[in-house]
Number of protein chains: 2
Amino acid sequence: MSERPLMVIPQPTLKRLVVYHQWLKQLQERGRDVVSCTVLARDFKLDATQIRKDLEIAGIAGTPRVGYRIDAVIASIESLLGWTNVNDAFLAGVGNLGAALLGYERFTRQGVNIIAAFDLDPAKIGTKIHGKPVFSLTKMAPLAQRMKIKIGILTVPAPAAQTVADLMIAGGIEAIWNFAPTALQVPEPIVVESVSLASSFAVLLNQLQHQRHKTT
Amino acid sequence: MSERPLMVIPQPTLKRLVVYHQWLKQLQERGRDVVSCTVLARDFKLDATQIRKDLEIAGIAGTPRVGYRIDAVIASIESLLGWTNVNDAFLAGVGNLGAALLGYERFTRQGVNIIAAFDLDPAKIGTKIHGKPVFSLTKMAPLAQRMKIKIGILTVPAPAAQTVADLMIAGGIEAIWNFAPTALQVPEPIVVESVSLASSFAVLLNQLQHQRHKTT
DNA sequence: CAGTGTGAAAGGGTTCACAGCT
DNA sequence: AGCTGTGAACCCTTTCACACTG
């Protein structure tokens with residue numbers, strides 16, 4: 001089952017679909033059940049055509065003069081993104097950010113289920129954080145192997161990141177969600193997606209500077 | 001002073017420059033003082049020419065056969081991004097993520113200085129988290145105005161995001177770094193940069209699925 | 001009309017090819 | 001050789017233009 005053509009979804013489209021999804025959920029809670037691209041375009045400050053093409057790529061059809069059925073769009077996006085079946089994950093590095101991610105309930109509705117966390121700090125090992133058990137990092141690889149965990153979330157300090165990534169790979173993990181501000185060297189089939197908060201902030205600063213020069 | 005031409009930097013380039021910066025810092029600590037694009041290209045799995053063009057945009061020149069001086073590149077990137085003069089910011093929403101950001105020391109070296117945090121929870125108001133004082137949300141707008149704070153970090157739950165964003169704008173804040181999974185409606189000159197963890201994770205999942213189909 | 005649907009044009013970013021330097 | 005520098009080609013994404021539909 002679930003035999004999608006697995007066509008390549010452009011990354012920008014993929015990211016926007018997630019954002020549409022969040023917003024449509026909210027509109028739905030407010031009792032709406034259809035939207036038009038025109039409205040979405042205003043909300044997101046995007047081009048209406050772009051949204052139409054995004055939805056088209058997701059295999060969603062609308063009806064002219066009316067718009068798109070919100071529940072249908074939500075369902076399509078969820079199935080496209082694979083949120084219908086949840087993926088178990090391990091998290092390494094229970095610092096500020098790691099702990100925050102452990103407590104982020106919303107993830108479960110977005111395809112991630114963090115099963116356990118790992119750290120070196122003896123004060124943390126054996127405790128539970130936001131209901132998730134914390135084990136010693138030395139146990140991560142064997143446990144990942146035994147439990148067939150394929151996704152690792154890396155929230156350790158930069159200097160430790162490569163070492164811990166190697167541990168993950170040794171444990172059979174295939175995809176690493178990397179929050180450490182460093183470049184990871186990983187072998188061929190391993191997938192790495194890095195989140196760079198600093199990059200995002202740099203964009204903000206840059207836009208602010210431009211805005212100021214514009215109005216000066 | 002600091003009279004840059006303020007040429008438009010492509011956003012992808014901007015983001016990559018931040019990532020180069022992090023990595024070059026690490027190389028520097030390991031005692032290296034030059035790099036070539038060829039090496040960086042391998043580390044980041046990017047095209048060498050792309051890195052050369054990025055550095056060119058940042059106004060950095062290298063020497064043939066040798067490469068680029070790491071300290072010069074770091075300095076150029078920092079000045080380009082405006083990390084030389086630190087920007088004060090307010091943070092609203094001291095939940096898991098908000099608290100984590102308050103404790104992220106590295107920010108100070110990347111142009112952000114979170115001065116204070118704001119929340120509604122009486123248990124948090126009046127305390128300090130990672131050395132940063134937490135005040136009542138009601139005090140945010142007047143304080144922002146008085147202290148001429150221009151950057152707001154929004155880490156409140158989605159349903160509260162619009163209201164708190166409006167408060168920020170009322171307080172004279174010009175740029176909002178938004179971590180809430182929602183679309184913000186803001187008036188013209190206000191800059192919003194949203195971080196969507198869910199989007200990032202969706203990209204990871206998608207790549208993982210492709211990788212699996214490839215090797216099957 | 002107020003929306004969807006879609007082919008074609010435009011725009012931007014990435015990659016290629018090759019010249020130049022040491 | 002091994003690197004930088006750069007114009008041109010390429011490709012992907014966004015935007016435009018317009019036909020279509022209830």
Side-chain angles (χ1 to χ4, degrees), chain A residues 7-20 23-24 27 32-74 76-77 80 196 199 202-203 206-207 210, chain B residues 6-20 24 27 32-74 76-77 80 196 199 202-203 206-207 210:
Chain A
M7 137 193 66
V8 174
I9 306 161
Q11 246 188 52
T13 295
L14 191 63
K15 292 189 173 182
R16 281 192 301 264
L17 284 173
V18 175
V19 175
Y20 302 157
W23 187 235
L24 291 174
L27 291 183
R32 311 222 14 199
D33 59 271
V34 284
V35 260
S36 73
C37 286
T38 328
V39 172
L40 287 178
R42 191 174 28 72
D43 294 345
F44 291 114
K45 298 196 180 86
L46 293 175
D47 189 283
T49 308
Q50 181 167 73
I51 297 178
R52 240 175 266 130
K53 298 230 159 169
D54 286 342
L55 296 181
E56 191 192 1
I57 286 171
I60 301 160
T63 55
R65 167 80 232 226
V66 181
Y68 297 83
R69 299 203 35 156
I70 291 184
D71 55 1
V73 177
I74 289 177
S76 291
I77 293 177
L80 185 76
S196 172
S199 288
V203 170
N206 189 58
Q207 285 182 290
H210 278 283
Chain B
L6 198 72
M7 138 193 67
V8 174
I9 306 160
Q11 243 188 53
T13 295
L14 192 64
K15 292 190 173 181
R16 283 192 300 265
L17 284 172
V18 175
V19 174
Y20 302 157
L24 292 174
L27 291 182
R32 311 223 13 201
D33 59 271
V34 285
V35 260
S36 73
C37 286
T38 330
V39 171
L40 287 177
R42 191 174 28 71
D43 294 344
F44 291 113
K45 297 194 180 89
L46 294 175
D47 190 281
T49 307
Q50 181 166 74
I51 297 178
R52 240 175 268 130
K53 299 231 158 170
D54 287 341
L55 296 180
E56 191 193 1
I57 286 171
I60 302 160
T63 56
R65 167 79 232 222
V66 181
Y68 297 83
R69 298 205 36 152
I70 291 183
D71 55 2
V73 177
I74 289 177
S76 291
I77 293 177
L80 185 76
S196 172
S199 288
V203 170
N206 190 57
Q207 284 181 292
H210 278 284

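Everything numeric in this text was worked out from a predicted model, so none of it was measured. A, B, ... follow the sequence lines: proteins, then strands. Residue 1 opens every chain.
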Is the Phe44(B) ring parallel, tilted or perpendicular to the Tyr20(B) ring (thresholds 30°, 60°)?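 The rings of Phe44(B) and Tyr20(B) sit tilted, inter-plane angle from 30° to 60°.
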Between [atom2] on [N] and [atom1] on [X], what's the gap in Å once rounded to a whole number?
{"X": "Arg69(B)", "N": "dC3(D)", "atom1": "CZ", "atom2": "P", "answer": "18 Å"}
{"X": "Ile57(B)", "N": "dT4(D)", "atom1": "CD1", "atom2": "P", "answer": "16 Å"}
{"X": "Arg52(A)", "N": "dA19(D)", "atom1": "CZ", "atom2": "C1'", "answer": "13 Å"}
{"X": "Gln11(A)", "N": "dT14(C)", "atom1": "CD", "atom2": "C1'", "answer": "14 Å"}
{"X": "Leu14(B)", "N": "dT14(C)", "atom1": "CG", "atom2": "P", "answer": "12 Å"}
{"X": "Lys53(A)", "N": "dT13(D)", "atom1": "NZ", "atom2": "C1'", "answer": "10 Å"}
{"X": "Lys45(B)", "N": "dT14(C)", "atom1": "NZ", "atom2": "P", "answer": "18 Å"}
{"X": "Leu55(B)", "N": "dT6(D)", "atom1": "CG", "atom2": "P", "answer": "13 Å"}

Are the side chain of Ser196(B) and the backbone N or O of Ser199(B) linked by a donor-acceptor pair below 3.5 Å?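 Looks like yes, one N/O pair under 3.5 Å.
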If you find the nucleotide of DNA chain C closest to Pro12(B) and the one closest to Ser36(A), which residue's nucleotide is nearer the 5' end?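 First, find each residue's nearest nucleotide; the 5'-ward one identifies Ser36(A).
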Proximal nucleotide (of dG5(D), dT14(C), dT14(D)) relative to the Arg16(A) side chain: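 When the side chain of Arg16(A) is considered, dT14(D) is the closest of dG5(D), dT14(C), dT14(D).
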